[in-house]
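Step one of this worksheet: look at the structure below.
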Amino acid sequence: MASGKKLEALRRAYLQSFVNHEPHTQDLSTPKVWPKYIENRMKKSFAESFKSMGIVRDDEAARYKNWKNNYQFFGAPVAIFLCLDHSLTDWSLIDLGMFANSLMLAAKAHGLDSAPAASSVSYPHHIRNVLGVPDNQKIIVSIMIGYADPEHPYNQYVSSRVPIEEVVHFRGI
């Protein structure tokens with residue numbers, strides 16, 4: 001977990017890497033190519049999100065400022081980094097996902113808001129350096145914890161959802 005001086009050190013390091021256009025080096029690889037239906041959903045979500053924040057497609061300065069916010073951990077006072085030992089299989093990602101969900105629900109139950117973010121693990125070398133995460137741990141995701149600003153444009157956008165029938169298939173017995 002990072003807060004205070006360590007989180008500020010991470011923000012500075014991440015911002016420098018972002019400004020320098022350093023490539024992301026996540027410990028958990030991302031797909032080189034997304035299935036078309038997922039890629040289309042992601043593009044739609046990004047477009048809707050930018051629109052809700054008043055950012056037009058050609059406004060590079062506003063888009064840059066928006067992405068820069070990601071690499072500053074959204075200004076949250078706490079960032080929690082979830083890791084898995086390298087020796088574990090992909091099955092452990094299910095456990096970690098359930099833990100992450102439970103953590104966010106527990107935060108909400110205590111009046112706190114949370115935001116998981118893949119961008120916050122884009123430069124794991126900074127996390128290892130600042131927080132001392134050992135090399136045998138894969139840094140999977142982080143969750144920002146704090147109090148949401150309900151007036152901020154980020155918090156106005158609600159992503160569209162596909163019908164449940166597109167993602168869950170019910171079969172009779």
For this session: Grab the two heavy atoms, one from S142 and one from V121, that are nearest each other, plus how far apart they are.
Result: N-CG1, 3.8 Å
Problem set entry | Electrostatic pair D59:K65 at N-O distance under 4.0 angstrom | no
For this session: Decide side chain to side chain contact (heavy atoms under 4.5 Å, CB included) for I143 and L82; before the verdict, give the C-alpha distance in whole Å, the side-chain angles of both, and the deciding distance to 0.1 Å.
Result: CA-CA 8 Å; I143 300 170; L82 302 181; 4.0 Å; yes
Exercise. Under a 4.5 Å side-chain heavy-atom rule over Ile, Leu, Val, Met, Phe, Trp and Tyr, are L28 and W34 clustered together?
Worked result: no
Problem set entry | Hphob cluster co-occupancy, F170 + V162, side-chain heavy atoms under 4.5 angstrom | yes
For this session: Using a strict cut-off of less than 4.0 Å between a Lys/Arg side-chain nitrogen and an Asp/Glu carboxylate oxygen, indicate whether E48 and K51 qualify as a salt bridge.
Result: no
For this session: Tell me whether the centres of the aromatic rings in F74 and W67 are closer together than 6.0 Å.
Result: no
Problem set entry | Nearest-0.5 Å distance that lies between atom CZ in F81 and atom CD1 in I139 | 7.5 Å
For this session: Decide yes or no for I140 and L93: does some side-chain heavy atom of the first lie under 4.5 Å from some side-chain heavy atom of the second?
Result: yes
Problem set entry | Over 12 foreign heavy atoms within 6.0 Å of CG, N136 | yes
Exercise. Same cluster for V167 and Y37 if Ile/Leu/Val/Met/Phe/Trp/Tyr side chains link at under 4.5 Å?
Worked result: no
Exercise. What closest approach, in Å, do V133 and C83 show between heavy atoms, and which atom pair accounts for it?
Worked result: CG1-SG, 4.1 Å
For this session: Answer yes or no: is there a donor N or O on one side and an acceptor on the other, between the side chain of N20 and the main chain of E22, under 3.5 Å?
Result: no
For this session: Tell me, please, which residues at least two apart from Y14 pass ring-ring contact (aromatic ring centres under 6.0 Å, His included).
Result: F73, Y123, H126
Exercise. What's the spacing between H110 NE2 and L112 CG if we round to 0.5 Å?
Worked result: 8.5 Å
Problem set entry | Donor-acceptor pair, side chain of R63 and main chain of F50, under 3.5 angstrom | no
For this session: Apply side chain to side chain contact (heavy atoms under 4.5 Å, CB included) to the pair Y71 and L10, showing each step before the final yes or no.
Result: CA-CA 9 Å; Y71 298 98; L10 274 175; over 6 Å; no
Problem set entry | All side chain to side chain donor-acceptor pair (under 3.5 Å) counterparts of S92, not counting sequence neighbours | none
Donor-acceptor pairs under 3.5 Å, side chain of residues 100-108 to any protein atom, not counting sequence neighbours: which ones?
from	atom 1	to	atom 2	distance (Å)
S102	OG	M98	O	3.1
K108	NZ	D113	OD1	2.6

For this session: Determine, stepwise, if the pair E8 / R12 fulfils salt bridge (charged side-chain N to carboxylate O under 4.0 Å, His left out).
Result: CA-CA 6 Å; E8 289 310 312; R12 285 191 302 275; 5.1 Å; no
Problem set entry | From CG (D135) to CZ (R128), nearest 0.5 Å | 5.5 Å
Exercise. Tell me, do I94 and L96 make a side-chain contact under 4.5 Å, heavy atoms counted?
Worked result: no
Problem set entry | Gap separating the CG atom of N70 from the CG atom of L15, nearest 0.5 angstrom | 12.0 Å
Seminar exercise, completed: Tightest non-hydrogen contact, residues A117 and S120, listed as O-OG, 2.5 Å
Exercise. How many angstroms lie between atom OG of S49 and atom CE of M42, to the nearest 0.5 angstrom?
Worked result: 13.0 Å
Problem set entry | Shortest non-hydrogen contact from H86 toward Q137 | CD2-N, 3.7 Å
For this session: Enter the distance from S159:OG to R41:CZ here, rounded to the nearest 0.5 Å.
Result: 11.0 Å
For this session: Check Q72 against R11 and note the closest heavy-atom contact, atom names and distance.
Result: O-NE, 2.7 Å
For this session: Please step through side chain to side chain contact (heavy atoms under 4.5 Å, CB included) for the pair M144 and S114, ending with a clear verdict.
Result: CA-CA 5 Å; M144 276 35 82; S114 60; over 6 Å; no
Exercise. Of the non-hydrogen atoms in P77 and I145, which two are nearest, and what is the gap between them?
Worked result: CD-O, 3.3 Å
